[in-house]
Structures are given as structure tokens and as C-alpha cells.
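To start, the structure under review is shown below, and the notes come after it.
Bear in mind the structure is a predicted one, so any value in this text is a computation, not a measurement. Keep in mind that the numbers below use all heavy atoms, side chains included, and drop hydrogens, waters and symmetry copies.
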Amino acid sequence: LYKYKTTTLNSLGNYFPGHAGAQQMVWAASTGTIGTFTESGERSKEGQVLNSHFPYIKQESNVALIVYYPNWDLEFTGIEGIEVFLYFEASRYDETTTSGNWI
């Protein structure tokens with residue numbers, strides 16, 4: 001857990017990386033009022049967190065490397081939809097910068 005004033009970054013480092021998941025949220029960042037996180041798998045119409053697989057996570061202080069790489073055997077368990085979605089409300093920030101696929 002990293003916290004500075006109202007800014008936080010928390011993660012469960014390598015919580016079953018690549019394996020099938022369910023409704024666990026394994027990392028999140030917040031500026032106090034604006035949250036950011038990722039989700040893998042099919043999106044729920046009700047807005048539930050539905051992680052089909054968990055990411056590899058390495059966090060050091062205020063920086064986290066989060067990589068989604070599903071295990072090869074997920075297809076045998078019937079899990080479909082391994083896409084990853086980033087929830088980042090850029091319109092709520094005063095300023096954002098992008099470079100290629102990086103925000």
C-alpha cells in the first residue's frame with residue numbers, strides 16, 4: 001500500500017497471476033475522489049468486477065507494473081473473454097498526457 005495525502009496505490013502482489021479469477025479486485029489507484037483500476041474478461045451489465053484471470057503485479061512504493069498474461073490452460077476451463085479493460089476517467093482530471101498506448 002502506498003499513500004500520500006489523498007493519493008493511494010494498492011495491490012495484492014502476484015495474487016495467483018495468470019490464473020482464473022472471479023470478483024476480486026487485485027489493484028486500484030485513487031486520487032481521493034477518482035479511482036482507476038483494470039478488469040479482465042467479459043463486462044457485466046450490472047457493473048460487477050468480473051476478472052477472468054489475474055495479472056502479474058510488482059509494486060514498489062508509488063509505482064506498479066501490472067501485466068495481464070493468462071495461463072494457457074484457461075481455455076480448457078471454459079473461460080472466454082480475456083480482454084483487459086482500463087477504467088480511467090480522463091475527463092475528471094485537470095490534465096492528462098498520452099504517448100502511444102501510455103497514459
Given a cutoff of under 4.5 Å between side-chain heavy atoms of I, L, V, M, F, W and Y, with clusters grown through shared members, what are the other residues clustered with Y68?
-> Y2, Y4, L9, L12, Y15, F16, V26, W27, F54, I57, I66, V84
Atom pair OG1/CE of T38 and M25 - distance to nearest 0.5 Å | 8.5 Å
Could you grab the distance from atom OG of S52 to atom NE2 of H19, nearest 0.5 Å is fine?
-> 13.5 Å
If only atom types and distance count, is the side chain of [X] paired as donor or acceptor with the main-chain N or O of [Y] below 3.5 Å?
X	Y	result
R92	T33	yes
E83	F85	no
T36	A29	no
S40	H53	yes

Close side-chain approach of I34 to F88, heavy-atom, < 4.5 Å = no
Do the non-hydrogen side-chain atoms of T8 and S30 ever get within less than 4.5 Å of each other?
-> yes
Report the C-alpha separation of N14 and Y56 in whole Å, then their side-chain angles, then the decisive distance to 0.1 Å, and conclude whether the side chain to side chain contact (heavy atoms under 4.5 Å, CB included) test is met.
-> CA-CA 5 Å; N14 286 334; Y56 294 79; 3.9 Å; yes
Applied to residues 56-65, the salt bridge (Lys or Arg N to Asp or Glu O under 4.0 Å) test, sequence neighbours excluded, yields K58-E60
Is the OH atom of Y93 crowded by more than 12 outside heavy atoms at less than 6.0 Å?
->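 Yes.
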